[in-house]
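In what follows, chains carry the letters A, B, and so on, assigned in the order in which the sequence lines appear, proteins first and then strands, with residues in each chain numbered from 1. Since this is a predicted model, take the numbers as computed values, not measurements.
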Amino acid sequence: MSTAIRLLLFIVLSAPFAFADQPSSGPSFNPIAVAIFSLFVIFTLLITWRAAKKTKSREAFYTAGGGISPVQNGFAIAGDFMSAATLLGITGLIFYTGIDAMILAFPVIIGWTLSLVVIAEKLRNLGKFTFVDVISYRLKANSVRVLLVLCSLVVVLFYLIGQMVGAGKLIQLLFGLDYNIAIIVVSALMVVYVYFGGMIATTWVQMIKAGLLMLGGTLITCLLLSRFGFDFSTLMVAAADKHPAGLDIGAPGGWLKSNPLNVWTVGLTMVFGIMGLPHVLMRFLTVKNASSARASVGYATLLMSVFYIFVLIIGFGSIAILWENPNYYSQSGELIGGSNMVALHAAKDLGGDYLLGFMSAVAFATILAVVAGLTLSGAAAISHDLYAGVIKRGQANPDMELRLSRIVTLVFGVIATVLGIAFQNQNIAVVTAIALAVAASVNFPLLALSIYWKGLTSRGAVLGGSLTLVAALTMIILSDAVWVQILGNSSPLFPYIYPTVFSLPLGFATMILFSVLDRSRRAETEREAFEEQLIRAETGLGASGASHH
Amino acid sequence: MNKQDRSAAFKTLVRSRARATLFCFTLLCGTLAGNLLLLSSFSEIGARRIISDTPITVSVACAIATIFIGAITTIVYILWANKRIDPLTQLVSSELNEKATSQ
């Protein structure tokens, strides 16, 4: 067993003693949570040790050699996508604002089903290691790869910041650990999983997390429903009896105030952002062929569908059992720990310290799984897309590329630590909004147009993509979350939550316009290459299959 | 291969997949749009109670129904693609491999 993993195991096994000085009363310290979390980490580190023996090639590092089964990949995709925000954030939002919060849930299922029918199989047939390979299949200009790497890094880094800050605050709340130490622990584990185990270890971490999340969600939901005779309408009436909004908790307007553009921009971001997330798209390439990619997205979608129903029930059911329950409210009348604690308080109320401990550990595992996937995706963007694709023009030495991937992983660990500490007081929703808005406005249109439209050219992709990226970032900076809350101005210049309702159509329009206006010889070559791409996209002929290791 | 060289099987494959994609895309986007309209421009309809004296409104029911529509569309598409698309893909791949070998 490598020295690094031995050292890390020592740290983890000593962790309970590290908490010895922490207060043992109140929600800050939970020995059951620490024990379950320690077991999770030990088990996943052992898996990483085994995976390290198989991760000797870049194929194994990036995509596990294409040898992940559809069921495994389905769980891993669900595990990669569902962050702590899914369980904790949405239930908390339902708790306070009612049905409006489901706008963060049902568009996700629409988005995943669209991913299945629109891009999953073609992406598997056209890609090799990343979604950049898909777009660059026909659009050979280096500038396209550079733009896509930039977009990938913007998405990955901002998503990572959001997860790191969320992890630090959650661990601080649940385990009583110092915020900075929590950030370092998360970064260290994330680096170990990816550096040694690559996609194989990351997949297993995500699979286990997804399984634990489904188990926890099932337990809480069943226990909650059992309190109301397994009758959903009884549960909803009990919630309405407690909530100040009464029967209107089921009516729209609680959060988004029925503002049409806010509603549409959030909905569109959730649907199309999914189809532009680099770390999620990368998972489509870990299976052996398009049929397996189809099946794995299918499994993931079904898992997430069940889970979002759980979230709905837990959200409304928590109102019924927690609202103004003195066990979970401070003396000042605030919910202890804030809205992110709703699901965990519900776990405590339903299953005592054991269920609370289990769900706390699951929440932490959830974050670990997502950050591991993000780190791997970021490493692939630098080493494969930028170094091998642009700098070495596709002629990189595979061993050198693998070595660079590992070095970049270490660098990402340091960056994640620094940014997690630097952004600790910032609004997590803002940084996540940047990631999803860029994914929806730039990555998704580029992917869709490159697969389906013969007319897309490198120039159209670069000019349209760059313009849209700048526009999306500008609108976010001018929005309330940055212009007012961070920069201290009195009112926002851009009055909506996300820019997507404007930037998504802008992305399509500019990419199409600049492509149509492109009369260069390269453009003609790229249009002629569409037929050959179509054959590959439809049949998979020539696509890299699973490698044996 | 040029567009005019496409075999009958390849054209069938492309057409079948395109039709299924378009149908599902329309269904899913229509479902999404309906829900978003209920939350925004037609919130008074969204606020109507399905079961009286409960907070189970049209919006609640539609949110749940949307998740089910997504799940059912997923299952139906996969079953259809396994039965229709995979054999066609095999056939087209064989044709193209034979063509490549003979050349």
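In this structure, chain A has no heavy atom under 4.5 Å from any part of B:Arg48. At a 4.5 Å heavy-atom cutoff, A:Phe530 makes no contact with chain B through either its backbone or its side chain. Contacts between B:Ile85 and chain A at a heavy-atom distance below 4.5 Å involve the side chain alone, from C-beta outward. A:Val271 touches chain B through its side chain: at least one heavy atom from C-beta onward sits under 4.5 Å away, while N, CA, C and O do not. Contacts between A:Leu541 and chain B at a heavy-atom distance below 4.5 Å involve the side chain alone, from C-beta outward. If you measure heavy-atom distances from B:Ala20 to chain A, you find no contacts under 4.5 Å at all. B:Phe68 touches chain A through its side chain: at least one heavy atom from C-beta onward sits under 4.5 Å away, while N, CA, C and O do not. At a 4.5 Å heavy-atom cutoff, the contact between B:Asn82 and chain A is made by backbone and side-chain atoms alike.
With salt bridges taken as basic N to acidic carboxylate O contacts below 4.0 Å, none links A:Arg138 and A:Glu532.
Distance check, rounded to the nearest 0.5 Å: OG1 of B:Thr74 to CD1 of A:Ile109 gives 8.0 Å.
For B:Arg84, there are no salt bridge (charged side-chain N to carboxylate O under 4.0 Å, His left out) partners at least two apart in sequence or on another chain. Residues forming a salt bridge (charged side-chain N to carboxylate O under 4.0 Å, His left out) with A:Arg527 (at least two apart in sequence, or on another chain): A:Glu524.
Using cut-offs of 30° and 60° on the angle between ring planes, the pair A:Phe502 and A:Tyr496 is tilted.
A side-chain contact (heavy atoms from CB on, under 4.5 Å) with A:Phe106 holds for exactly one of B:Ile69, B:Leu32, B:Thr31; it is B:Leu32.
Counting only distance, with no hydrogens or angles, the side chain of A:His243 and the backbone of A:Trp323 share no donor-acceptor pair below 3.5 Å.
Among pairs with a residue in residues 109-121 of chain A, those fulfilling salt bridge (charged side-chain N to carboxylate O under 4.0 Å, His left out) read A:Glu121-A:Arg294, A:Glu121-B:Arg17, at least two apart in sequence or across chains.
Using non-hydrogen atoms only and a strict 4.5 Å limit, the part of residues 310-319 of chain A facing chain B consists of A:Leu312.
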